S.K.: 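Sharing a structure here in C-alpha cells format.
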Amino acid sequence: MNNLPSHVAIIMDGNGRWAERRGLPRLAGHLAGVNRISSVVTSLLTNQVKYVTLYGFSSENWNRPEEEVKGLFQLLEERIDREAAEMHNHNIQIKHLGRINGLPSTVQNSIQRACQLTQNNSGPVLNFAFNYGGRHEIVDTARKLIEQNIPADRIDEQVFAANLYTAGIPDVDLVIRTGGELRISNFLLWQAAYAEYYFTDVLWPDFTPRQVELALAEFGKRKRRFGGL
Ligand code: IPE
Ligand code: IPE
Ligand code: MG
C-alpha cells in the first residue's frame with residue numbers, strides 16, 4: 001500500500017459502553033481494552049508506522065468516579081511490566097506523554113520502569129499518553145520556555161515544538177478515534193494540526209487488526225494539501 005502514515009495516534013474510546021452492553025462493570029471494558037493494545041500496535045508496525053501514540057487517560061478523566069480511576073491505575077500497574085517486556089522484545093521505545101507527577105507514585109514508578117527498560121531501543125516509538133491534556137502540554141511548554149529565559153523574538157514554531165512532550169517526534173499524520181464520538185477531547189492539539197481523522201463506531205475492545213487495515217486504506221485515499229494546492 002502506498003501513502004502510509006508515519007505517526008498514528010489513537011483515542012481508544014468505548015471501553016465503558018462495550019462493558020455496559022454486556023451487563024459487565026466498566027472496568028471489565030477497560031481490561032478488554034488493554035487486551036487489544038498489543039495486536040493493534042503490532043499491526044500498525046507491520047504497516048511501517050514508526051510512531052504510535054495511544055491516549056489512555058486524559059487530564060479530564062479525573063472527573064470520573066474515584067473507583068473507576070483507581071481501577072484504571074491498578075490495571076495499568078498490573079499489566080505494564082508484561083506489556084513493556086513484550087514491546088522491549090520488539091525493539092520498541094516506550095515514552096510517556098503527560099504530567100507524570102500528577103499520578104500516584106506507584107503508577108509513576110511503573111511508567112518510569114517501562115520507559116527506562118526500552119530507552120535504548122532503536123525501533124519504533126510508542127508514546128503512551130496517560131494523564132495527558134493537550135492544553136496542559138501547551139501550558140507546560142510555555143512554562144519551560146520562560147524557565148529557559150528564551151527571548152520572545154526567538155520563539156517560533158520550531159522552538160515551541162522542540163519543547164513539547166513530543167520533542168523530536170514528527171507531527172501526527174492520522175488520528176483514529178474509536179467509539180463513535182466525533183471530537184478530539186484535548187488530544188495532541190498542536191501535533192494534530194494537519195492530521196487526517198478517522199472516526200469509527202467500533203468500540204475500542206472490538207478494534208482489530210482488520211480495523212487497522214481499514215483505517216490505513218482510508219488514509220491512503222486522502223489527499224493532504226497542508227494549505228497548498
Ligand atoms: C476510553 O473508554 C478509556 C478511557 C477514557 C480511560 P471510556 O471509558 O471513555 O468508554 P465509554 O466512552 O464510556 O464507552
Ligand atoms: C478520551 O475519551 C480520552 C481517552 C480515550 C483516554 P473520553 O471518553 O474521556 O472523551 P469524552 O469525555 O467522551 O470527550
Ligand atoms: Mg469515552
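Note that the structure is predicted; figures quoted are calculated from it, not measured. First listed ligand is number 1; within each ligand, the first listed atom is number 1. Counting from 1, the numbers follow the sequence of the chain as shown.
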S.K.: Mind checking whether Glu20 has a heavy atom under 4.0 Å from ligand 1?
M.R.: no

S.K.: Tell me, which residues have any heavy atom less than 4.0 Å from some atom of ligand 2?
M.R.: Ile11, Met12, Asp13, Tyr55, Gly56, Phe57, Asn61, Arg64, Arg177, Arg183, Ser185

S.K.: Using a 6.0 Å distance limit plus a 45 degree cone around the ring axis, check whether Arg22 lies over the aromatic ring of Trp18.
M.R.: yes

S.K.: Taking the six-membered ring where the residue is Trp, are the ring centres of Tyr132 and Trp62 under 6.0 Å apart?
M.R.: no

S.K.: Classify the angle between the aromatic ring planes of Phe187 and Tyr55 as parallel (below 30°), tilted (30 to 60°) or perpendicular (above 60°).
M.R.: parallel

S.K.: Between the main-chain N or O of Leu31 and the side-chain N or O of Asn15, is there a donor-acceptor pair closer than 3.5 Å?
M.R.: no

S.K.: Less than 2.8 Å away from the Mg ion (ligand 3), how many protein N/O/S atoms can be counted, ignoring water?
M.R.: 1

S.K.: Going by the order shown, which atoms of ligand 1 are within less than 4.0 Å of some heavy atom of Arg26?
M.R.: 7 (P), 8 (O), 10 (O), 13 (O)

S.K.: Looking at Glu218 and Arg222, is there a salt bridge between them, counting it only when a charged N and a carboxylate O are closer than 4.0 Å?
M.R.: yes

S.K.: Start with the C-alpha distance between Ile11 and Leu54, add both sets of side-chain angles, then the distance that settles side chain to side chain contact (heavy atoms under 4.5 Å, CB included), and finish with yes or no.
M.R.: CA-CA 7 Å; Ile11 303 174; Leu54 301 177; over 6 Å; no

S.K.: Would you check if there is a donor-acceptor pair between the side chains of Ser110 and Asp81 at a distance under 3.5 Å?
M.R.: no

S.K.: Check this for me: does any side-chain nitrogen of one of Glu147 and Arg143 sit under 4.0 Å from a carboxylate oxygen of the other?
M.R.: no

S.K.: Could you tell me whether Arg36 and Asp206 make a salt bridge, using a distance below 4.0 angstrom between a side-chain N and a carboxylate O?
M.R.: no

S.K.: How far apart are the C-alpha atoms of Thr106 and Glu77, what are their side-chain angles, what is the distance that settles it, and do they pass the side-chain hydrogen bond (donor to acceptor under 3.5 Å, both in side chains) test?
M.R.: CA-CA 8 Å; Thr106 50; Glu77 282 181 53; 3.0 Å; yes

